[in-house]
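Structure first, commentary second.
Lettering follows sequence order; numbering is per chain, from 1. This structure is a prediction, so every number in the text was calculated from the model and none was measured.
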Protein chains: 2
Amino acid sequence: MHSNVHELIERYLSVSFLVNKKAAALVKCELDEMTNDQYYLLRYMSKRNVCTSTELAAVFAVNKSAITAMTNRLVEKEMIQRLRDENDRRVIYLSLTEKGKRWLAETETKIHHLVESLITQFSEEEIESFIQTYEKLANILQKLEETK
Amino acid sequence: MHSNVHELIERYLSVSFLVNKKAAALVKCELDEMTNDQYYLLRYMSKRNVCTSTELAAVFAVNKSAITAMTNRLVEKEMIQRLRDENDRRVIYLSLTEKGKRWLAETETKIHHLVESLITQFSEEEIESFIQTYEKLANILQKLEETK
DNA sequence: TTTAATAGTTAAATAGTTGAACTATATCGA
DNA sequence: TCGATATAGTTCAACTATTTAACTATTAAA
């Protein structure tokens, strides 16, 4: 039983590494002139509608200065815009521009086709339970962070 | 049924992104003076015992010049060494030094404890079937690459 | 034996990241 | 109300990771 846990951990480390790298490479092929991080940033911002640097730093698990650099590049590309809060002038809201929304919509279509071609090779039950476990793991990681 | 697939894809994209970022941040905490990529590189090389730049480039899904840069840094840190093949003088074999082996062994212990604390929150059956699906996905991605 | 292919490196450019120091603004307690 | 403290975000220097194109060296193939 104990050595089994050890083996499961090894398998998990190897497979998660491999899938991450290969999936990132596939996603990248669909992103003309944009990077994977830029895609995920726009994707997250689009879901939240509006958000702040501090929030992004927490979600991406990086320093705020990394977010400043990334958002600067996205502002230059006219994909997002900054808007200062008039009540609390420390905070700056980030949101997608029309160009950013257009690009994201087109890209999401491509990425969905890509993921669909992979996901449909599994039964619906298998994928459903896979994602459920994955989401449990995400929750555990989220809570772990909150306790620190 | 069809809109369900769409939703599954969305859930997969969100959860895989989140887990990747949070897990990478946790792994990083255990790696003093080394980066996540450097850890995974040493880990892979250790499993293969000896390998080449070309092989690493394929596994990491990056250009060979990226591997040259990464291995240069690891040679500087005395974690790996280069050895030219005497039969085919184009190829250079990469392998861990004693220092590299020592560091990796210590680090693997830490990472295993980390993953164990997460993995043991699931039943053995749940983890087993999760990893099995994950491995199927890895195989699909591997084959997809080979056909290209 | 010229020509192809293969293995790896170099160099310039760009993206992502950290950590420390910084500006500006808001909040809180005496 | 004022002075200390906290919060939001930026700047800068240093570094890692990556790509693309041009390159060297070596091997294989016509």
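Between the base of dG19(C) and the side chain of Ser65(A) there is a donor-acceptor pair shorter than 3.5 Å.
Taking 4.0 angstrom as the limit, Arg89(B) places none of its side-chain polar atoms (N or O) nearer than this to OP1 or OP2 of dA28(D). In this model, the phosphate group of dA17(D) is approached by a side-chain N or O of Arg73(B) to a distance below 4.0 Å at OP1 or OP2. The shortest distance between the side-chain N/O atoms of Thr54(B) and the OP1/OP2 oxygens of dT6(C) is not below 4.0 Å.
In this entry dT27(D) has no Watson-Crick or G-U wobble partner, no candidate having both defining distances under 3.5 Å. Across all strands shown, nothing is found opposite dA4(C) as a Watson-Crick or G-U wobble partner with both distances under 3.5 Å.
When distances are taken from the side chain of Ser53(B) to each of dT10(D), dT16(D), dT9(C), the shortest belongs to dT9(C). With dA8(D), dT17(C), dT18(D) as the choices, the nucleotide that has an atom nearest any side-chain atom of Met70(B) turns out to be dT18(D). In the set dT26(D), dA17(D), dT10(D), dT10(D) carries the atom at the smallest distance from any side-chain atom of Thr68(A). Residue Lys28(A) has its side chain nearest to dT18(D) when only dT18(D), dT26(D), dG16(C) are considered. Distance from the side chain of Thr35(A) is smallest for dA15(C) among the nucleotides dT19(D), dT10(D), dA15(C). With dG9(D), dA6(D), dT26(D) as the choices, the nucleotide that has an atom nearest any side-chain atom of Arg90(A) turns out to be dA6(D). Considering only side-chain atoms of Ala66(A), the nucleotide from dG8(C), dT18(C), dT10(D) that sits closest is dT18(C).
Asn72(A) has its CG atom 14 Å from the P atom of dT17(C), to the nearest Å. For the pair Asn63(B) CG and dA7(C) P, the computed distance is 15 Å after rounding to whole Å. The distance between atom CZ of Arg84(B) and atom P of dT6(C), rounded to the nearest whole Å, is 18 Å. With rounding to whole Å, Leu41(A) atom CG is found 9 Å from dG16(C) atom P. What separates CZ of Arg82(B) from C1' of dG8(C) is a distance of 9 Å, to the nearest Å. Atom CG in Leu74(B) sits about 12 Å away from atom C1' in dA17(D), given to the nearest Å. Between the P atom of dT16(D) and the CG atom of Asp37(A) lies a distance of 19 Å, rounded to the nearest Å. When rounded to the nearest whole Å, the span between CD of Glu86(A) and P of dA24(C) equals 17 Å.
Regarding the sugar-base torsion, dA25(D) falls in the anti class, its angle being beyond 90° of 0.
At the heavy-atom level, Asp88(B) lies under 4.0 Å from the strands shown only through sugar-phosphate atoms. Residue Asn87(B) is in sugar-phosphate contact alone, with no base atom involved, counting any heavy-atom pair closer than 4.0 Å across all strands shown.
The residues Lys77(A) and Glu33(A) are annotated as not salt-bridged, no charged nitrogen and carboxylate oxygen being separated by less than 4.0 angstrom. Using a 4.0 Å cut-off between charged side-chain N and carboxylate O, Glu10(A) and Arg43(B) make a salt bridge. At a threshold of 4.0 Å, the pair Arg48(B)-Glu55(B) counts as salt-bridged, since one of the basic side-chain nitrogens sits closer than that to a carboxylate oxygen. For the pair Glu98(A) and Lys101(A), the salt-bridge criterion is met [side-chain N within less than 4.0 Å of a carboxylate O].
Between Tyr44(A) and Leu56(A), the shortest heavy-atom distance links the atoms CD2-CD2, 3.5 Å.
When atom types are taken as modelled, the side chain of Ser14(B) and the backbone of Arg11(B) share no donor-acceptor pair closer than 3.5 angstrom.
Checking Ile92(A) against Ala61(B), the closest nucleotide of DNA chain D that is more toward the 5' end is the one next to Ile92(A). Taking the nucleotide of DNA chain C with the nearest heavy atom to each of Cys51(B) and Lys64(A), the more 5' of the two is matched to Cys51(B).
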